[in-house]
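See structure below.
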Amino acid sequence: MTVESTAARSKPRRSSGKRTTTSGARKRSQSAARPELVQLLTPEGERVEHPDYSLDLTPDELRGLYRDMVLTRRFDAEATALQRQGELGLWASLLGQEAAQIGSGRALRDDDYVFPTYREHGVAWCRGVDPTNLLGMFRGVNNGGWDPYSNNFHLYTIVIGSQALHATGYAMGVAKDGADSAVIAYFGDGASSQGDVAEAFTFSAVYNAPVVFFCQNNQWAISEPTEKQSRVPIYQRAAGFGFPGVRVDGNDVLAVLAVTRAALERARAGEGPTLVEAFTYRMGAHTTSDDPTRYRKDAEREEWEAKDPILRLRTYLEKEGLIDADWLAGLDRESDALALRVREAIRTMPDPDTMAIFENVYADGHALVDEERAQFAEYLASFADEEGR
């Protein structure tokens with residue numbers, strides 16, 4: 001799906017013979033002046049302005065965004081390598097989506113609450129979740145190795161789209177409590193076809209819930225392209241539910257930060273939900289069990305590699321003289337240290353207590369769980385009996 005250019009939309013049309021009012025012409029002129037895709041940093045690293053979204057960051061903040069993306073990509077690469085080496089059962093890479101995740105993650109306040117999918121490693125990084133905790137779930141030693149309330153970052157959600165409903169319910173509770181905070185739900189373009197997401201849109205609109213729906217449209221729902229998911233751009237779906245939607249360049253970390261920050265502020269002000277569609281691209285496989293060469297062309301990936309979010313910001317920072325060789329070398333050393341820590345952590349993770357899964361199903365215990373615990377213990381004991389024979 002291509003983004004309609006401003007030039008195409010402003011192309012002169014033949015007169016229909018009908019009169020147009022000055023106000024009507026002005027509205028059309030204003031509409032034509034606003035490109036469909038919000039962008040503050042071009043793929044060539046040129047800073048541009050947008051009539052609706054402004055952003056003023058310090059040099060340290062700009063360098064911080066670049067650092068976040070570089071370290072997140074390095075962690076992701078190490079996790080992919082560890083899965084290939086048999087250390088993880090599966091891994092869902094975020095390669096190419098670093099700007100969408102870091103930009104939105106850094107727009108959050110500490111008291112905001114996040115409902116992720118299973119790919120939001122960059123958002124987890126922004127929320128202070130230890131990267132090694134993410135690996136535990138994919139290694140099979142835990143069901144999510146962090147306390148959701150310590151970082152306001154919910155456990156990863158494997159069921160496609162269900163977190164949108166969870167986020168809406170949580171946001172409705174936030175509103176009833178009168179809290180000055182917002183909720184954000186992440187999902188992909190494929191999940192936008194799920195009924196759970198549509199129901200979340202309905203409830204959030206009706207109850208004016210302080211929630212931001214953040215769709216990372218990476219063009220492919222596993223092997224299904226976006227045009228087989230929707231007849232209109234995903235962000236336009238919000239209008240049918242009665243709240244605004246906006247499409248942002250998902251490879252532009254500055255634009256993502258500005259758009260998400262505005263949507264969160266709108267939610268906190270009691271103005272209800274917003275749908276943000278981050279138009280980006282999954283440069284890697286859907287997960288390590290996927291082979292994208294079977295359903296998409298190399299030329300498509302190469303086209304998007306030219307829009308790489310990290311290279312884009314680096315080009316800008318170098319042009320502005322905000323980073324130099326020494327700073328980049330220091331970041332390389334930090335990346336290497338992170339990779340080493342990840343490798344050491346994954347190989348020293350202890351196996352979980354096989355009976356622990358029964359401990360926290362119910363707060364006060366349950367007869368059926370007790371029965372299942374006993375059956376499982378008997379099953380495990382049968383292996384010891386066979387070894388002893």
Side-chain angles (χ1 to χ4, degrees), residues 1-6 9 27 30-40 50-55 97 99-101 103-104 107-108 112 114-115 117 161 163-165 167-168 171-172 182-219 221 225-252 254-281:
M1 187 177 294
T2 59
V3 180
E4 184 183 14
S5 68
T6 303
R9 291 216 307 264
K27 286 180 181 178
Q30 290 173 347
S31 175
R34 283 170 167 74
E36 182 181 36
L37 190 75
V38 177
Q39 188 177 83
L40 298 180
H50 191 278
D52 298 324
Y53 298 95
S54 61
L55 191 67
Q97 298 178 219
Q101 296 195 14
S104 59
L108 295 161
D112 294 331
V114 178
F115 285 87
T117 66
Q163 71 277 7
L165 278 174
T168 299
M172 290 165 62
V183 179
I184 187 167
Y186 289 87
F187 56 92
D189 48 295
S192 70
S193 298
Q194 293 285 76
D196 285 2
V197 174
E199 292 170 7
F201 287 177
T202 298
F203 269 82
S204 65
V206 170
Y207 288 94
N208 207 46
V211 60
V212 173
F213 297 106
F214 193 92
C215 176
Q216 292 177 82
N217 180 1
N218 63 20
Q219 313 297 310
T226 306
E227 57 263 26
K228 290 189 177 181
Q229 299 288 323
S230 177
R231 294 292 298 274
V232 299
I234 291 173
Y235 80 97
Q236 291 183 4
R237 291 182 178 181
F241 293 88
F243 58 89
V246 57
R247 174 181 275 187
V248 61
D249 185 341
N251 285 21
D252 176 356
L254 303 185
V256 174
L257 174 59
V259 167
T260 310
R261 182 179 287 172
L264 290 165
E265 289 174 352
R266 181 177 179 277
R268 296 188 199 104
E271 297 177 23
T274 302
L275 172 59
V276 176
E277 177 193 358
F279 197 75
T280 181
Y281 190 76

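As the structure is a computational prediction, the values presented were derived from the model and not from experiment. Nothing fancy with the numbering, it's 1 onward along the sequence.
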Is it the case that the side chain of [X] and the backbone of [Y] share a donor-acceptor pair, with hydrogens and angles ignored and the cut-off at 3.5 Å?
| X | Y | result |
| --- | --- | --- |
| D189 | T226 | no |
| T202 | A198 | yes |
| Q163 | Y186 | yes |
| Q219 | T280 | yes |
| R266 | P273 | yes |

Given side chains that start at C-beta, do those of [X] and [Y] come closer than 4.5 Å, heavy atoms only?
| X | Y | answer |
| --- | --- | --- |
| T274 | F213 | no |
| V212 | V183 | no |
| V246 | Y53 | yes |
| V248 | E277 | no |
| Q236 | R247 | no |

Original post:
Do Y235 and E36 meet the criterion of a side-chain donor-acceptor pair at a distance under 3.5 Å?
Top reply: yes
How far does [atom1] of [X] sit from [atom2] of [Y], to the nearest 0.5 angstrom?
| X | Y | atom1 | atom2 | value |
| --- | --- | --- | --- | --- |
| D112 | I184 | CG | CD1 | 8.5 Å |
| S192 | Q229 | OG | CD | 6.0 Å |
| E271 | N208 | CD | CG | 8.5 Å |
| K228 | S193 | NZ | OG | 13.0 Å |
| I234 | N217 | CD1 | CG | 4.0 Å |
| L108 | T260 | CG | OG1 | 8.0 Å |

Original post:
Which one of D249, D252, V256 satisfies the side-chain contact (heavy atoms from CB on, under 4.5 Å) criterion with L40?
Top reply: D252
Between [X] and [Y], what is the shortest heavy-atom contact and its length?
| X | Y | answer |
| --- | --- | --- |
| L275 | C215 | CD1-CB, 4.4 Å |
| S104 | A100 | OG-O, 2.7 Å |
| L165 | D196 | CG-O, 3.5 Å |
| A221 | G190 | CB-CA, 3.4 Å |
| A164 | A185 | CA-CB, 4.2 Å |
| A267 | A182 | CB-CB, 4.1 Å |

Original post:
Taking only residues two or more places apart in sequence or in another chain, which ones pass side-chain contact (heavy atoms from CB on, under 4.5 Å) with A209?
Top reply: A171, M172, S204, V211
**OP:** For the pair F241 and F243, name the ring-plane relationship: parallel under 30°, tilted 30 to 60°, perpendicular over 60°.
**Re:** tilted
**OP:** Begin from the C-alpha positions of F214 and F187 and carry the test ring pair (Phe, Tyr, Trp, His ring centres under 6.0 Å) through to its verdict.
**Re:** CA-CA 6 Å; F214 193 92; F187 56 92; 8.8 Å; no
